Number of protein chains: 2
Amino acid sequence: MALKNKSLYAILGILNVSPGTGYDIKKYCDTVLSGFWNENFGHIYPTLKKMLIDELVEIVESETSEKKIQYQITPKGQMELEAWLMEDSEIQPMRSEFMLKLLFSSNQPKEHVIKMLEDYKQLHVKKLEKYLDMQHDLEQGIEEISEERSRFLKATLRRGVLSCEATIRWCEETIDSGL
Amino acid sequence: MALKNKSLYAILGILNVSPGTGYDIKKYCDTVLSGFWNENFGHIYPTLKKMLIDELVEIVESETSEKKIQYQITPKGQMELEAWLMEDSEIQPMRSEFMLKLLFSSNQPKEHVIKMLEDYKQLHVKKLEKYLDMQHDLEQGIEEISEERSRFLKATLRRGVLSCEATIRWCEETIDSGL
DNA sequence: TGAATTTTATATCAGAGTGATATAGTTGTC
DNA sequence: GACAACTATATCACTCTGATATAAAATTCA
């Protein structure tokens, strides 16, 4: 099987929640999915065009006809989404520039390495705060989300929290070790 | 600043440890760096060629002249590496296909979602075992690594362990919740 | 010894994904 | 009503991915 365009599935999943423009899709990624999914305009628009040709999405003929293009998922698109949801997930390779830099820093001055770790920790403290805020908002039921979807969103947020906490603990432990 | 080729820094860091071929670099990524760095031949070879032109690396004239090309870092390459090590790291966007799939699975049969989580947990149990083995090997001092480098390698392994443990705990917690 | 298999080694390609930049209408605000 | 901020689409060069092709060297084992 050739290389898969993963953005396609992200777009199907988002449009399956509610129809929207390419811009809306980007906003959804930058907010709801921000903890574990990144998407660029430079990939969203070409992918939407391809999906239109493949009839996975269709254009909603909007009343206020401007230059904005509203998309919605088609039955074919829903089948494609469903098939992907049923597929087994494989382990994905990752790239952490920070960890790479750290490993190659054994000859750097100790104080610089400690500074690196402290900055990295701070980044994750901020990220953790953001997750906790989002968790709080979700608990308050500010957004109009079904009980069902809310439970899944909470699970993803919970993972973000645990992951941040683990990273923060690792930073502290490593700083304390003095390396 | 234009988009940066991160592979270049990975290659500089690896060659700074010891000279080697493109193939050696790939092997190093797949073993030592496997927890946090992925590299492909399709990017290593063209990058090495570019680095040769920019005089960041040079070819070692080897005695056993086959078609294998041995590279070593140049003083200019070491300066480039040093400059990168001193740069602040920024937060990097990520993509977890598993988390994306999970979030969009609120209408899937519960047993399928539980299965997904159990498979994902199992993947991380295996990964954790691998990290613990590597940690053990490092503790035994099997490889010939300097005390200094060994401490940094241990720190990266420790992060892998903590991260896996957090993921496993999250899986268990989420499975138990029944969603 | 020699056949089969695995490992070492380089190279190339199409397509996925990134981030910057250009353009322009619409909305908010001071 | 000027200015800033937001909405919206599009394109570009470049990075990165994973598949595939090729072939020599080393290893297995019959």
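Computed from a prediction, not measured in an experiment: that's the story for all the values here. A, B, ... follow the sequence lines: proteins, then strands. Residue 1 opens every chain.
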Between protein and nucleotides 10-12 of chain C, what N or O pairs are separated by less than 3.5 Å?
{"residue": "C/dT10", "atom": "OP1", "partner": "B/I69", "partner atom": "N", "Å": "2.5"}
{"residue": "C/dT10", "atom": "OP1", "partner": "B/I69", "partner atom": "O", "Å": "3.1"}
{"residue": "C/dT10", "atom": "OP2", "partner": "B/G22", "partner atom": "N", "Å": "3.1"}
{"residue": "C/dT10", "atom": "OP2", "partner": "B/Y23", "partner atom": "N", "Å": "3.1"}
{"residue": "C/dT10", "atom": "OP2", "partner": "B/Y45", "partner atom": "OH", "Å": "3.0"}

message: Under 4.5 Å between side-chain heavy atoms, counting indirect links through other Ile/Leu/Val/Met/Phe/Trp/Tyr residues: same cluster for A/L33 and A/L132 or not?
response: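 Same cluster.
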Find the distance [X]:[atom1] to [N]:[atom2] and express it as a whole number of Å.
X      : N      : atom1 : atom2 : result
B/E39  : D/dT15 : CD    : P     : 12 Å
B/R95  : C/dA16 : CZ    : P     : 11 Å
B/M94  : C/dG19 : CE    : C1'   : 19 Å
B/E90  : C/dA20 : CD    : C1'   : 14 Å
A/I91  : D/dT17 : CD1   : P     : 14 Å
A/M51  : C/dA16 : CE    : P     : 13 Å
B/L3   : D/dT17 : CG    : P     : 14 Å
A/L100 : D/dC16 : CG    : C1'   : 15 Å

query: Where do B/I44 and B/Y23 land on the side chain to side chain contact (heavy atoms under 4.5 Å, CB included) test, with the steps shown first?
result: CA-CA 9 Å; B/I44 291 172; B/Y23 191 85; over 6 Å; no
message: Heavy atoms from C-beta onward define the side chain here; which of C/dA16, D/dA13, D/dC16 lies closest to that of B/N5?
response: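 Between C/dA16, D/dA13, D/dC16, the one nearest the side chain of B/N5 would be D/dC16.
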query: So what does B/N40 hit on the nucleic acid, given a heavy-atom distance under 4.0 Å: a base, only sugar-phosphate, or nothing?
result: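 Counting heavy atoms under 4.0 Å across all strands, the contact made by B/N40 includes a base.
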task: For B/K27, answer base if it contacts any base atom (sugar-phosphate contacts may also be present), sugar-phosphate if it contacts only those atoms, and nothing otherwise; contact means non-hydrogen atoms under 4.0 Å.
output: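 If one applies the 4.0 Å heavy-atom cut-off, B/K27 turns out to touch the sugar-phosphate alone, with no base involved.
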Axis deviation across the helix from C/dT1-D/dA30 to C/dC30-D/dG1, five-pair ends, to the nearest 10°: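 Comparing the axis at each end, I get an angle of 40°.
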- request: Could you tell me whether the side chain of B/I73 reaches within less than 4.5 Å of the side chain of B/E58, counting heavy atoms only?
  value: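 No - every pair of side-chain heavy atoms lies 4.5 Å or more apart.
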message: Are the side chains of B/T156 and B/V32 in contact, using a 4.5 Å heavy-atom criterion?
response: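 No, their side chains stay 4.5 Å or more apart.
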- prompt: Taking atom types as modelled and ignoring hydrogens, do the side chains of B/T167 and A/R159 form a donor-acceptor contact shorter than 3.5 angstrom?
  reply: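 Yes - a donor-acceptor pair under 3.5 Å links their side chains.
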query: Any salt bridge between A/E39 and A/K26, counting N to O under 4.0 Å?
result: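 The answer is no: the pair does not qualify as a salt bridge.
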query: Any salt bridge between A/E148 and B/K110, counting N to O under 4.0 Å?
result: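 Yes, this pair counts.
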query: Any donor-acceptor pair under 3.5 Å linking the side chain of B/N16 with the backbone of B/G13?
result: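 Answer holds: no.
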List the residues meeting side chain to side chain contact (heavy atoms under 4.5 Å, CB included) with [X], not counting sequence neighbours, and say none if there are none.
X      : value
B/K101 : A/W84, A/L85, A/E87, A/S89, B/E97, B/M116
A/V125 : A/K121, A/Q122, A/E129, A/I168
B/I59  : B/L52, B/E61, B/I69, B/Y71

message: What residues from residues 6-17 of chain B pass a heavy-atom cutoff of under 4.0 Å to DNA chain C?
response: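 Within this stretch, nothing sits under 4.0 Å of the strand.
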